[in-house]
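Here's the structure we're looking at; comments come further down.
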Protein chains: 2
Amino acid sequence: MKSTFVIRQRAFLKLYMLNKAEEGNLYGLQMLDDLQDHFRDLGYRPTKSEVYKSLHDLLNDGLIVRHPIHKQGTEMQTLYIYRIGDKEKVKAYKDTIKFEIDRSISLLKRALQDNYSQKRQ
Amino acid sequence: MKSTFVIRQRAFLKLYMLNKAEEGNLYGLQMLDDLQDHFRDLGYRPTKSEVYKSLHDLLNDGLIVRHPIHKQGTEMQTLYIYRIGDKEKVKAYKDTIKFEIDRSISLLKRALQDNYSQKRQ
DNA sequence: TGATGAACACCATGTTCATGA
DNA sequence: TCATGAACATGGTGTTCATCA
């Protein structure tokens, strides 16, 4: 297996996209807004392109599907609502990501332990 | 302040380099070996170049110093032992890194909470 | 060959530009 | 202007090459 440090931002975002696709009727930029809000207190502000790339990845792999919506109003606006796709794949993907997150937390906690605990003296 | 996802590998390694410089008389490749061993169970295997770059960063910023050692034996081998440099700076740097690690852990734990806890029916 | 280091290449990610309605 | 998307540029990191003893 490839040696990686901690989980990649892309994978982290894809996990959130999946859950947003499961829950509600959100389009891309709404998800972005939600996430920026959700992580503001932790100083993390995901970007537009990462969110779109995450969505495209998931689409390509069949984990989500989307369909176009037309906003009510005089303006015809193209925008896409995302829903869950292949449930098996989603389950499997989430499992891998959970493993990655757990592993990352272990790594970071070990660093705290190794470098910041009281020296026995 | 710049928005970042989780802590960078480089910063993570620099923290370990500092502690290794505080503790013992290790040279570069020994630190690498130690770390690869230390993280093997978590599937993380830092590379030579990352370790060297970390050491060079710390040297440039005065957080560590080094001096050449000659291995006993007929072979004259150039290798460098690292020691702690500016103690104030080290303290300050460690504080920043601790903050970063704590923040990263919070981010990851939030992801577990948000995406893997039982849905209330 | 063992240790240090630089050069290079690749991949993850942020910023800017393009398009349609 | 809003939403989507691609193109481009930068930065982090891994792999390969160079050097010295």
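What you see below is based on every heavy atom in this structure, not just the backbone, and it leaves out hydrogens, waters and symmetry mates. So you know, we letter chains A, B, ... as the sequences are listed, proteins then strands, and number each from 1.
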Any N/O donor-acceptor pair, K53(A) side-chain to dG14(C) base, under 3.5 Å: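 Checked by distance alone, the answer is yes.
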
Does [N] have its OP1 or OP2 closer than 4.0 Å to a side-chain nitrogen or oxygen of [X]?
{"X": "Y27(B)", "N": "dA3(C)", "answer": "yes"}
{"X": "R45(A)", "N": "dT13(C)", "answer": "no"}
{"X": "Q30(A)", "N": "dC2(D)", "answer": "no"}
{"X": "R8(B)", "N": "dT13(C)", "answer": "no"}

Where the side chain of [X] is concerned, which of [options] is the nearest nucleotide?
{"X": "R66(A)", "options": "dG14(D), dT4(D), dG14(C)", "answer": "dT4(D)"}
{"X": "T47(A)", "options": "dT4(C), dT13(C), dG14(C)", "answer": "dG14(C)"}
{"X": "H56(B)", "options": "dG5(C), dG14(C), dA21(D)", "answer": "dG5(C)"}
{"X": "Q9(B)", "options": "dG5(C), dA3(C), dG14(D)", "answer": "dG14(D)"}
{"X": "L79(B)", "options": "dA6(D), dA6(C), dT4(C)", "answer": "dT4(C)"}
{"X": "K48(B)", "options": "dT4(C), dG5(D), dA6(C)", "answer": "dT4(C)"}

Worked verdict on E100(B) versus R103(B) for salt bridge (Lys or Arg N to Asp or Glu O under 4.0 Å): CA-CA 5 Å; E100(B) 269 300 286; R103(B) 194 183 62 84; 3.1 Å; yes

Between R10(A) and L59(B), which residue's closest nucleotide on DNA chain C lies nearer the 5′ terminus?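 The residue whose closest nucleotide sits nearer the 5' end is L59(B).
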
Less than 3.5 Å apart, any donor N or O on the side chain of N115(B) or K98(A) sitting next to an acceptor on the other?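 Their side chains do not contain a donor-acceptor pair, so the 3.5 Å distance test is not met.
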
Is any side-chain N of the basic residue among K20(B) and D34(B) closer than 4.0 Å to the acidic one's carboxylate O?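 Answer for the salt bridge query: yes.
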
Determine yes or no for a side-chain-to-main-chain donor-acceptor pair under 3.5 angstrom, with S104(A) supplying the side chain and I7(A) the backbone.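 Indeed, once roles are kept as given, a pair shorter than 3.5 Å links the two residues.
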
